[in-house]
Novice: 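Please find one structure pasted underneath; my questions will follow.
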Amino acid sequence: MPIAEAKQLVATRALAPLARAYASQPRDPLNFYAPQWRERLRNAEAEVIETLRAAGAQIDVFKDGRVRILFAGVWASSRQSLRKALQHWKINAEAKQ
């Protein structure tokens with residue numbers, strides 16, 4: 001897949017759904033709605049991973065929270081979250097283009 005198409009896919013089908021999920025994050029982790037938000041985030045991340053893998057991405061999620069992505073010949077990783085790894089991937093793809 002060309003990098004331009006991959007960037008478009010990541011922006012619309014990966015970063016946008018995760019941004020929507022993070023937009024509803026409660027400020028207080030002990031908030032009554034925090035468990036529901038965490039479940040929505042897990043579901044959004046699973047959907048994003050499934051979508052990108054179907055498009056040919058290699059995504060490795062480790063138990064300690066690290067995420068590694070190889071998509072369209074561009075590598076990225078993060079120790080924080082899938083969202084950060086995708087943001088790093090987008091930066092690396094723009095630099096490579």
Side-chain angles (χ1 to χ4, degrees):
M1 174 178 285
I3 291 180
E5 289 179 28
K7 280 176 39 181
Q8 181 68 25
L9 180 69
V10 167
T12 58
R13 302 287 304 224
L15 287 173
L18 292 178
R20 285 192 296 273
Y22 275 96
S24 64
Q25 179 179 13
R27 291 181 186 217
D28 183 8
L30 300 177
N31 185 306
F32 176 77
Y33 297 105
Q36 294 172 357
W37 173 79
R38 284 191 287 276
E39 184 64 28
R40 279 194 310 269
L41 179 62
R42 280 192 292 273
N43 292 339
E45 287 179 341
E47 183 178 317
V48 165
I49 289 171
E50 180 180 323
T51 300
L52 292 178
R53 283 184 177 158
Q58 177 185 343
I59 301 174
D60 301 320
V61 180
F62 299 95
K63 289 183 181 182
D64 63 355
R66 292 178 296 140
V67 180
R68 186 172 50 200
I69 300 171
L70 171 61
F71 188 38
V74 179
W75 277 100
S77 63
S78 175
R79 292 183 178 182
Q80 295 178 342
S81 65
L82 175 63
R83 182 181 182 197
K84 283 294 184 185
L86 288 167
Q87 289 171 346
H88 294 166
W89 183 91
K90 186 176 175 188
I91 291 168
N92 293 346
E94 289 171 356
K96 189 172 183 176
Q97 198 174 26

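Residue numbers count from 1 along this sequence. Nothing here was measured: the structure is a model prediction, and the numbers come from that model.
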Novice: If Ile, Leu, Val, Met, Phe, Trp and Tyr residues are connected whenever their side-chain heavy atoms lie under 4.5 Å apart, and connections chain through other members, are V61 and V48 in the same group?
Specialist: yes

Novice: For residues D28 and A34, report the shortest heavy-atom separation together with the two atoms involved.
Specialist: O-CB, 4.2 Å

Novice: Between R42 and E45, is the closest basic N to carboxylate O distance under 4.0 Å?
Specialist: no

Novice: State the CD1-NZ distance between I69 and K90, to the nearest 0.5 angstrom.
Specialist: 13.5 Å

Novice: Once rounded to the nearest 0.5 Å, what's the spacing between atom CZ of R38 and atom CD of Q25?
Specialist: 9.5 Å

Novice: What distance do I59 atom CD1 and R53 atom CZ have between them, rounded to the nearest 0.5 Å?
Specialist: 5.5 Å

Novice: Quick one: CG on L82 to NZ on K84, what's the gap to the nearest 0.5 Å?
Specialist: 12.5 Å

Novice: Is it true that L86 and M1 fall in one hydrophobic cluster, defined by side-chain heavy atoms closer than 4.5 Å?
Specialist: yes

Novice: Say you draw a straight line from CG of L9 to CD of E5; how long is it, rounded to the nearest 0.5 Å?
Specialist: 9.0 Å

Novice: Any idea which heavy atoms bring R83 and L18 closest together, and the distance?
Specialist: CA-CD1, 3.9 Å

Novice: Side chains of residues 71-78: which donor-acceptor partners sit under 3.5 Å, not counting sequence neighbours?
Specialist:
residue, atom, partner, partner atom, Å
S78, OG, Q80, N, 3.0

Novice: Taking all atoms of both residues into account, what is the closest heavy-atom pair of P26 and N31, and its distance?
Specialist: CB-CB, 3.8 Å

Novice: For A16 and T12, work out which heavy atoms get closest and say how close.
Specialist: CB-O, 3.6 Å

Novice: How far does CD of E94 sit from CH2 of W89, to the nearest 0.5 angstrom?
Specialist: 9.0 Å

Novice: Verify the neighbour count for atom CZ of F62: are there more than 12 heavy atoms of other residues, nucleotides or ligands below 6.0 Å?
Specialist: yes

Novice: How about OH on Y33, more than 12 heavy atoms from neighbouring residues, nucleotides or ligands closer than 6.0 Å, or not?
Specialist: no

Novice: Would you confirm whether R40, through its side chain, and A21, through its main-chain N or O, come within 3.5 Å as a donor-acceptor pair?
Specialist: no

Novice: Applying the 4.5 Å side-chain criterion to the ILVMFWY set and letting contacts propagate, would L15 and L70 be lumped into a single cluster?
Specialist: no

Novice: For the CD atom on Q87, are there more than 12 heavy atoms of other groups (residues, nucleotides or ligands in this structure) within a distance under 6.0 Å?
Specialist: yes

